K.L.:
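Let me begin by handing over the structure; questions about it come next.
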Amino acid sequence: MEHKSKYPVSHVVGFLFSLILTFVAVFVALKMNVSYTIVMWIIGSLAIIQAGLQLFMFMHVTEGEDGKTNVINMAYAVFVAIVIVAGSIWVLTSGHAAH
Amino acid sequence: MSANVNHSLPLEYQTEQNRLNILGFWIFIGAEIVLFATLFAVYGVLGHRYAGGPTPSDIFKLNDVLIETLLLLTSSFTCGLAVFFMRQRNMKQLLVWFVITLLLGAGFLFMEIREFIHYVHEGATMQTSAFLSSFFVLLGTHGAHVTFGIIWAIMLIIQLLQRGLTPVTARKMFIISLYWHFLDVVWIFIFTFVYLKGMVG
(Lines give C-alpha, C1' and ligand atoms only; values in the text may rest on other atoms or scores of the structure.)
Protein backbone atom coordinates (compact mmCIF):
# COMPACT_ATOMS: atom_id res chain seq x y z
CA MET A 1 0.00 0.00 0.00
CA GLU A 2 1.46 3.34 -1.04
CA HIS A 3 1.03 6.77 0.54
CA LYS A 4 4.45 6.88 2.11
CA SER A 5 5.11 9.82 -0.19
CA LYS A 6 4.73 13.34 1.11
CA TYR A 7 2.73 14.63 -1.85
CA PRO A 8 -0.42 13.11 -3.38
CA VAL A 9 1.27 12.62 -6.76
CA SER A 10 -1.07 9.98 -8.17
CA HIS A 11 -4.12 12.06 -7.24
CA VAL A 12 -2.78 15.20 -8.91
CA VAL A 13 -1.78 13.28 -12.04
CA GLY A 14 -5.17 11.52 -12.14
CA PHE A 15 -6.98 14.86 -11.75
CA LEU A 16 -4.97 16.55 -14.53
CA PHE A 17 -5.55 13.63 -16.91
CA SER A 18 -9.28 13.64 -16.07
CA LEU A 19 -9.49 17.35 -16.90
CA ILE A 20 -7.64 16.84 -20.19
CA LEU A 21 -9.86 13.88 -21.14
CA THR A 22 -13.01 15.89 -20.34
CA PHE A 23 -11.98 18.83 -22.52
CA VAL A 24 -10.75 16.60 -25.35
CA ALA A 25 -14.15 14.84 -25.30
CA VAL A 26 -15.95 18.20 -25.52
CA PHE A 27 -13.69 19.28 -28.38
CA VAL A 28 -14.17 16.05 -30.32
CA ALA A 29 -17.94 16.06 -29.78
CA LEU A 30 -18.65 19.70 -30.62
CA LYS A 31 -15.81 21.09 -32.73
CA MET A 32 -14.49 18.23 -34.85
CA ASN A 33 -16.08 17.70 -38.22
CA VAL A 34 -16.34 13.89 -38.34
CA SER A 35 -19.29 11.52 -38.49
CA TYR A 36 -21.56 10.84 -35.50
CA THR A 37 -20.41 7.21 -35.29
CA ILE A 38 -16.74 8.17 -35.11
CA VAL A 39 -17.44 10.86 -32.50
CA MET A 40 -19.32 8.36 -30.31
CA TRP A 41 -16.50 5.80 -30.55
CA ILE A 42 -13.88 8.40 -29.60
CA ILE A 43 -15.76 10.00 -26.68
CA GLY A 44 -16.93 6.56 -25.48
CA SER A 45 -13.31 5.40 -25.34
CA LEU A 46 -12.28 8.60 -23.54
CA ALA A 47 -15.02 7.99 -20.93
CA ILE A 48 -13.81 4.43 -20.33
CA ILE A 49 -10.20 5.66 -19.93
CA GLN A 50 -11.32 8.33 -17.46
CA ALA A 51 -13.39 5.81 -15.47
CA GLY A 52 -10.30 3.60 -15.32
CA LEU A 53 -8.24 6.53 -14.03
CA GLN A 54 -10.74 7.09 -11.21
CA LEU A 55 -10.79 3.38 -10.38
CA PHE A 56 -7.02 2.91 -10.25
CA MET A 57 -5.61 6.33 -9.28
CA PHE A 58 -8.34 7.57 -6.90
CA MET A 59 -10.08 4.44 -5.63
CA HIS A 60 -6.96 2.20 -5.63
CA VAL A 61 -9.03 -0.81 -6.64
CA THR A 62 -5.99 -3.13 -6.55
CA GLU A 63 -4.83 -2.30 -3.02
CA GLY A 64 -5.23 -4.40 0.11
CA GLU A 65 -5.34 -8.15 0.50
CA ASP A 66 -8.68 -8.22 -1.36
CA GLY A 67 -7.30 -6.26 -4.33
CA LYS A 68 -7.63 -9.16 -6.75
CA THR A 69 -11.17 -9.90 -5.60
CA ASN A 70 -12.07 -6.24 -6.14
CA VAL A 71 -10.68 -6.25 -9.67
CA ILE A 72 -12.58 -9.44 -10.57
CA ASN A 73 -15.75 -8.03 -9.01
CA MET A 74 -15.42 -4.76 -10.96
CA ALA A 75 -14.63 -6.60 -14.21
CA TYR A 76 -17.73 -8.76 -13.78
CA ALA A 77 -19.91 -5.72 -12.95
CA VAL A 78 -18.64 -3.96 -16.09
CA PHE A 79 -19.33 -7.10 -18.16
CA VAL A 80 -22.91 -7.29 -16.85
CA ALA A 81 -23.34 -3.54 -17.46
CA ILE A 82 -22.22 -3.89 -21.09
CA VAL A 83 -24.53 -6.88 -21.63
CA ILE A 84 -27.48 -4.94 -20.16
CA VAL A 85 -26.88 -1.74 -22.12
CA ALA A 86 -25.75 -3.16 -25.47
CA GLY A 87 -28.17 -6.10 -25.24
CA SER A 88 -31.20 -3.91 -24.47
CA ILE A 89 -30.44 -1.48 -27.27
CA TRP A 90 -29.78 -4.31 -29.72
CA VAL A 91 -32.92 -6.28 -28.88
CA LEU A 92 -35.23 -3.28 -28.70
CA THR A 93 -34.03 -1.26 -31.69
CA SER A 94 -32.98 -3.71 -34.40
CA GLY A 95 -36.34 -5.12 -35.37
CA HIS A 96 -36.64 -7.93 -32.85
CA ALA A 97 -39.64 -6.14 -31.39
CA ALA A 98 -41.43 -5.21 -34.59
CA HIS A 99 -44.85 -4.91 -32.96
CA MET B 1 -14.67 -7.00 16.24
CA SER B 2 -11.39 -8.80 15.68
CA ALA B 3 -8.72 -8.25 18.27
CA ASN B 4 -5.92 -8.68 15.74
CA VAL B 5 -4.69 -5.22 14.89
CA ASN B 6 -1.99 -4.93 12.25
CA HIS B 7 -0.29 -1.58 12.82
CA SER B 8 1.79 -1.77 9.65
CA LEU B 9 -1.35 -1.14 7.55
CA PRO B 10 -3.25 2.12 7.12
CA LEU B 11 -5.84 2.61 9.89
CA GLU B 12 -8.80 1.57 7.75
CA TYR B 13 -7.23 -1.82 6.93
CA GLN B 14 -5.97 -2.66 10.42
CA THR B 15 -8.72 -5.00 11.60
CA GLU B 16 -10.31 -8.02 9.95
CA GLN B 17 -13.73 -6.38 10.41
CA ASN B 18 -12.55 -3.27 8.55
CA ARG B 19 -11.14 -5.29 5.67
CA LEU B 20 -14.41 -7.20 5.36
CA ASN B 21 -16.45 -3.98 5.44
CA ILE B 22 -14.33 -2.47 2.67
CA LEU B 23 -14.63 -5.66 0.57
CA GLY B 24 -18.39 -5.60 1.18
CA PHE B 25 -18.57 -2.03 -0.03
CA TRP B 26 -16.75 -2.93 -3.24
CA ILE B 27 -19.36 -5.63 -3.84
CA PHE B 28 -22.08 -3.00 -3.24
CA ILE B 29 -20.41 -0.78 -5.86
CA GLY B 30 -20.56 -3.73 -8.28
CA ALA B 31 -24.33 -3.86 -7.71
CA GLU B 32 -24.59 -0.09 -8.15
CA ILE B 33 -22.84 -0.36 -11.53
CA VAL B 34 -25.56 -2.79 -12.61
CA LEU B 35 -28.32 -0.50 -11.25
CA PHE B 36 -27.02 2.42 -13.31
CA ALA B 37 -26.49 0.13 -16.32
CA THR B 38 -30.23 -0.63 -16.36
CA LEU B 39 -31.01 3.10 -16.35
CA PHE B 40 -28.47 3.78 -19.13
CA ALA B 41 -30.06 0.92 -21.10
CA VAL B 42 -33.51 2.52 -20.75
CA TYR B 43 -32.08 5.87 -21.85
CA GLY B 44 -30.25 4.22 -24.75
CA VAL B 45 -33.50 2.64 -25.98
CA LEU B 46 -35.90 5.56 -25.36
CA GLY B 47 -33.56 8.53 -25.72
CA HIS B 48 -34.64 9.26 -29.30
CA ARG B 49 -38.40 9.25 -28.71
CA TYR B 50 -39.24 12.93 -28.39
CA ALA B 51 -43.04 12.67 -28.89
CA GLY B 52 -43.01 16.08 -30.57
CA GLY B 53 -41.37 17.59 -27.47
CA PRO B 54 -37.92 19.15 -27.08
CA THR B 55 -34.82 17.28 -28.27
CA PRO B 56 -31.51 17.15 -26.34
CA SER B 57 -29.94 19.90 -28.45
CA ASP B 58 -32.98 22.13 -27.73
CA ILE B 59 -32.52 22.03 -23.96
CA PHE B 60 -28.92 21.07 -23.04
CA LYS B 61 -26.57 23.97 -22.32
CA LEU B 62 -22.86 23.17 -22.62
CA ASN B 63 -21.72 25.77 -20.07
CA ASP B 64 -23.98 24.52 -17.26
CA VAL B 65 -23.09 20.89 -17.95
CA LEU B 66 -19.36 21.70 -17.99
CA ILE B 67 -19.63 23.53 -14.66
CA GLU B 68 -21.44 20.54 -13.13
CA THR B 69 -18.80 18.18 -14.54
CA LEU B 70 -15.89 20.25 -13.22
CA LEU B 71 -17.49 20.62 -9.77
CA LEU B 72 -17.99 16.87 -9.40
CA LEU B 73 -14.60 15.97 -10.89
CA THR B 74 -12.81 18.39 -8.58
CA SER B 75 -14.77 17.10 -5.59
CA SER B 76 -13.66 13.56 -6.45
CA PHE B 77 -10.06 14.83 -6.46
CA THR B 78 -10.38 16.68 -3.12
CA CYS B 79 -12.03 13.58 -1.61
CA GLY B 80 -8.95 11.61 -2.67
CA LEU B 81 -6.77 14.25 -0.98
CA ALA B 82 -8.80 13.89 2.23
CA VAL B 83 -8.03 10.15 2.34
CA PHE B 84 -4.39 10.86 1.44
CA PHE B 85 -4.05 13.13 4.48
CA MET B 86 -6.01 10.69 6.65
CA ARG B 87 -3.27 8.15 5.93
CA GLN B 88 -0.73 10.67 7.20
CA ARG B 89 -2.86 10.98 10.37
CA ASN B 90 -3.37 14.63 9.54
CA MET B 91 -6.85 15.27 10.97
CA LYS B 92 -6.89 18.98 10.15
CA GLN B 93 -6.07 18.53 6.45
CA LEU B 94 -8.47 15.60 6.27
CA LEU B 95 -11.33 17.77 7.52
CA VAL B 96 -10.39 20.74 5.34
CA TRP B 97 -10.39 18.68 2.12
CA PHE B 98 -13.45 16.69 3.12
CA VAL B 99 -15.44 19.88 3.79
CA ILE B 100 -14.28 21.30 0.43
CA THR B 101 -15.47 18.04 -1.17
CA LEU B 102 -18.87 18.53 0.45
CA LEU B 103 -19.14 22.15 -0.70
CA LEU B 104 -18.25 21.19 -4.28
CA GLY B 105 -20.83 18.39 -4.11
CA ALA B 106 -23.44 20.84 -2.84
CA GLY B 107 -22.51 23.21 -5.68
CA PHE B 108 -23.04 20.39 -8.17
CA LEU B 109 -26.44 19.62 -6.67
CA PHE B 110 -27.44 23.30 -6.79
CA MET B 111 -26.52 23.48 -10.49
CA GLU B 112 -28.38 20.27 -11.27
CA ILE B 113 -31.57 21.31 -9.47
CA ARG B 114 -31.41 24.70 -11.22
CA GLU B 115 -31.02 22.88 -14.53
CA PHE B 116 -34.08 20.68 -13.83
CA ILE B 117 -36.20 23.69 -12.81
CA HIS B 118 -35.13 25.43 -16.01
CA TYR B 119 -36.21 22.40 -18.10
CA VAL B 120 -39.59 22.19 -16.39
CA HIS B 121 -40.18 25.90 -17.05
CA GLU B 122 -39.44 25.24 -20.73
CA GLY B 123 -42.12 22.54 -20.73
CA ALA B 124 -39.66 19.64 -20.63
CA THR B 125 -41.04 17.50 -17.80
CA MET B 126 -40.98 13.78 -17.00
CA GLN B 127 -44.42 13.48 -18.63
CA THR B 128 -43.41 15.14 -21.92
CA SER B 129 -41.73 12.25 -23.75
CA ALA B 130 -39.97 8.92 -23.33
CA PHE B 131 -36.67 10.77 -23.83
CA LEU B 132 -37.36 13.08 -20.89
CA SER B 133 -38.81 10.31 -18.66
CA SER B 134 -35.66 8.22 -19.04
CA PHE B 135 -33.47 11.33 -18.80
CA PHE B 136 -34.97 12.46 -15.49
CA VAL B 137 -34.92 8.94 -14.02
CA LEU B 138 -31.22 8.44 -14.87
CA LEU B 139 -30.11 11.92 -13.79
CA GLY B 140 -32.45 11.92 -10.78
CA THR B 141 -31.10 8.60 -9.50
CA HIS B 142 -27.56 9.97 -9.73
CA GLY B 143 -28.60 13.24 -8.06
CA ALA B 144 -30.34 11.32 -5.27
CA HIS B 145 -27.10 9.41 -4.68
CA VAL B 146 -25.19 12.71 -4.42
CA THR B 147 -27.80 14.06 -1.99
CA PHE B 148 -27.51 10.93 0.15
CA GLY B 149 -23.71 11.18 0.02
CA ILE B 150 -23.81 14.75 1.32
CA ILE B 151 -26.05 13.79 4.27
CA TRP B 152 -23.80 10.78 4.99
CA ALA B 153 -20.68 12.98 4.83
CA ILE B 154 -22.10 15.54 7.27
CA MET B 155 -22.86 12.78 9.78
CA LEU B 156 -19.37 11.34 9.34
CA ILE B 157 -17.76 14.76 9.90
CA ILE B 158 -19.65 15.03 13.20
CA GLN B 159 -18.38 11.59 14.21
CA LEU B 160 -14.79 12.43 13.19
CA LEU B 161 -14.95 15.54 15.38
CA GLN B 162 -16.34 13.57 18.31
CA ARG B 163 -14.14 10.46 18.15
CA GLY B 164 -11.04 11.53 16.22
CA LEU B 165 -9.20 9.15 13.91
CA THR B 166 -9.67 5.53 14.96
CA PRO B 167 -9.65 2.37 12.84
CA VAL B 168 -13.47 2.59 12.83
CA THR B 169 -13.82 6.24 11.77
CA ALA B 170 -10.94 5.83 9.27
CA ARG B 171 -12.75 2.86 7.70
CA LYS B 172 -15.97 4.89 7.44
CA MET B 173 -14.08 7.75 5.84
CA PHE B 174 -12.40 5.40 3.35
CA ILE B 175 -15.73 3.80 2.42
CA ILE B 176 -17.47 7.14 1.78
CA SER B 177 -14.51 8.13 -0.40
CA LEU B 178 -15.09 5.03 -2.55
CA TYR B 179 -18.79 5.98 -2.81
CA TRP B 180 -17.96 9.55 -3.80
CA HIS B 181 -15.41 8.53 -6.47
CA PHE B 182 -17.99 6.08 -7.83
CA LEU B 183 -20.55 8.88 -8.25
CA ASP B 184 -18.01 10.75 -10.38
CA VAL B 185 -17.47 7.61 -12.49
CA VAL B 186 -21.22 7.45 -13.15
CA TRP B 187 -21.21 11.14 -14.04
CA ILE B 188 -18.43 10.62 -16.64
CA PHE B 189 -20.81 8.29 -18.48
CA ILE B 190 -23.80 10.63 -18.08
CA PHE B 191 -21.67 13.50 -19.38
CA THR B 192 -20.54 11.44 -22.39
CA PHE B 193 -23.59 9.34 -23.31
CA VAL B 194 -26.35 11.77 -22.35
CA TYR B 195 -25.04 15.33 -22.70
CA LEU B 196 -22.26 15.15 -25.31
CA LYS B 197 -24.17 12.53 -27.33
CA GLY B 198 -27.24 14.79 -27.27
CA MET B 199 -25.28 17.83 -28.39
CA VAL B 200 -23.44 16.03 -31.25
CA GLY B 201 -26.51 14.83 -33.11
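Residue numbers start from 1 in every chain, and the chains themselves are labelled A, B, ... in the order their sequence lines are given, proteins ahead of strands. For clarity, every value in this text was computed on a predicted model and none was experimentally measured.
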K.L.:
Is it the side chain or the backbone of S76(B) that comes within 4.5 Å of chain A heavy atoms, both, or neither?
P.N.:
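Contact with chain A is through both the backbone and side chain of S76(B).
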K.L.:
If you measure from NE2 on H181(B) to CE on M57(A), what distance do you get to the nearest 0.5 Å?
P.N.:
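Answer rounded to 0.5 Å: 12.0 Å.
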K.L.:
Is it the side chain or the backbone of V83(A) that comes within 4.5 Å of chain B heavy atoms, both, or neither?
P.N.:
neither
K.L.:
Where on L62(B) is there a heavy atom nearer than 4.5 Å to chain A: the side chain, the backbone, both, or neither?
P.N.:
side chain
K.L.:
Side-chain contact test, heavy atoms from C-beta onward, threshold under 4.5 Å: evaluate it for L73(B) versus L19(A) and give yes or no.
P.N.:
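Yes - at least one pair of side-chain heavy atoms lies under 4.5 Å apart.
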K.L.:
Can you name the closest pair of heavy atoms from G44(A) and T192(B) and give their distance?
P.N.:
N-CG2, 4.1 Å
K.L.:
Salt bridge check, E63(A) against R87(B): does any charged N sit closer than 4.0 Å to a carboxylate O?
P.N.:
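Yes.
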K.L.:
Would you say CH2 of W187(B) has more than 12 non-hydrogen atoms from neighbouring residues, nucleotides or ligands within 6.0 angstrom?
P.N.:
yes
K.L.:
With a 4.5 Å cut-off on side-chain heavy atoms, are V39(A) and K197(B) touching?
P.N.:
no
K.L.:
Just how far is it from atom OG1 of T78(B) to atom NE2 of H11(A), taken to the nearest 0.5 Å?
P.N.:
10.5 Å
K.L.:
As an exercise, state the distance from CD of E65(A) to CG of L9(B), rounded to the nearest 0.5 Å.
P.N.:
8.0 Å
K.L.:
Heavy-atom distance under 4.5 Å between the side chains of V91(A) and V45(B), does that happen here?
P.N.:
no
K.L.:
Just verifying a value: how many Å separate Y43(B) OH and I89(A) CD1, rounded to the nearest 0.5 Å?
P.N.:
11.0 Å
K.L.:
Between I48(A), I82(A), L21(A), V61(A), which residue shows the highest count of heavy-atom pairs closer than 4.5 Å to chain B?
P.N.:
V61(A)
K.L.:
Could you look at Y7(A) and say if it's the side chain, the backbone, both or neither that has a heavy atom under 4.5 Å from chain B?
P.N.:
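Answer is backbone: N, CA, C or O of Y7(A) sit under 4.5 Å from chain B.
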K.L.:
Quick one, M40(A) and F193(B) - any side-chain contact, counting heavy atoms below 4.5 Å?
P.N.:
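A side-chain contact exists here, since the closest heavy-atom pair is under 4.5 Å.
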K.L.:
With under 30° as parallel and over 60° as perpendicular, where do the rings of F15(A) and F77(B) fit, or are they tilted in between?
P.N.:
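F15(A) and F77(B): parallel rings.
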K.L.:
Testing the basics here: between F189(B) and A51(A), what is the closest heavy-atom pair and its distance to 0.1 Å?
P.N.:
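Scanning both residues completely, I find the closest heavy atoms to be CE1-CB, 3.7 Å.
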K.L.:
Would Q54(A) and F182(B) count as a side chain to side chain contact (heavy atoms under 4.5 Å, CB included) here? Give the steps.
P.N.:
CA-CA 8 Å; Q54(A) 291 272 333; F182(B) 170 72; over 6 Å; no
K.L.:
Relative to chain A, which segment of F174(B) carries a heavy atom at a distance below 4.5 Å: side chain, backbone, both, or neither?
P.N.:
side chain
K.L.:
Counting a contact as any heavy-atom pair under 4.5 Å apart, which residues of residues 27-35 of chain A contact chain B?
P.N.:
A29(A), L30(A)
K.L.:
Of the non-hydrogen atoms in Y13(B) and G64(A), which two are nearest, and what is the gap between them?
P.N.:
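The answer is CE2-CA, 4.2 Å.
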K.L.:
Ignoring hydrogens and angles, write down the donor-acceptor pairs under 3.5 Å from the side chains of residues 21-38 of chain B, residues two or more places apart or on other chains.
P.N.:
from   : atom 1 : to      : atom 2 : distance (Å)
N21(B) : OD1    : Q17(B)  : NE2    : 3.1
E32(B) : OE1    : H145(B) : NE2    : 2.5
T38(B) : OG1    : L35(B)  : O      : 2.5

K.L.:
Within a strict 4.5 Å, meaning less than it, do heavy atoms of the L66(B) and F23(A) side chains meet?
P.N.:
yes
K.L.:
At a 4.5 Å cut-off on heavy atoms, which part of F191(B) comes close to chain A: side chain, backbone, both, or neither?
P.N.:
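The side chain, not the backbone.
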K.L.:
Counting heavy-atom pairs under 4.5 Å with chain A, which one of L178(B), V186(B), L39(B) comes out on top?
P.N.:
L178(B)
K.L.:
Can you find a heavy atom in the side chain of V26(A) that is under 4.5 Å from one in the side chain of M199(B)?
P.N.:
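They are not in side-chain contact.
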K.L.:
Tell me which of these, T22(A), T69(A), L55(A), has more heavy-atom pairs under 4.5 Å with chain B than the rest.
P.N.:
T22(A)
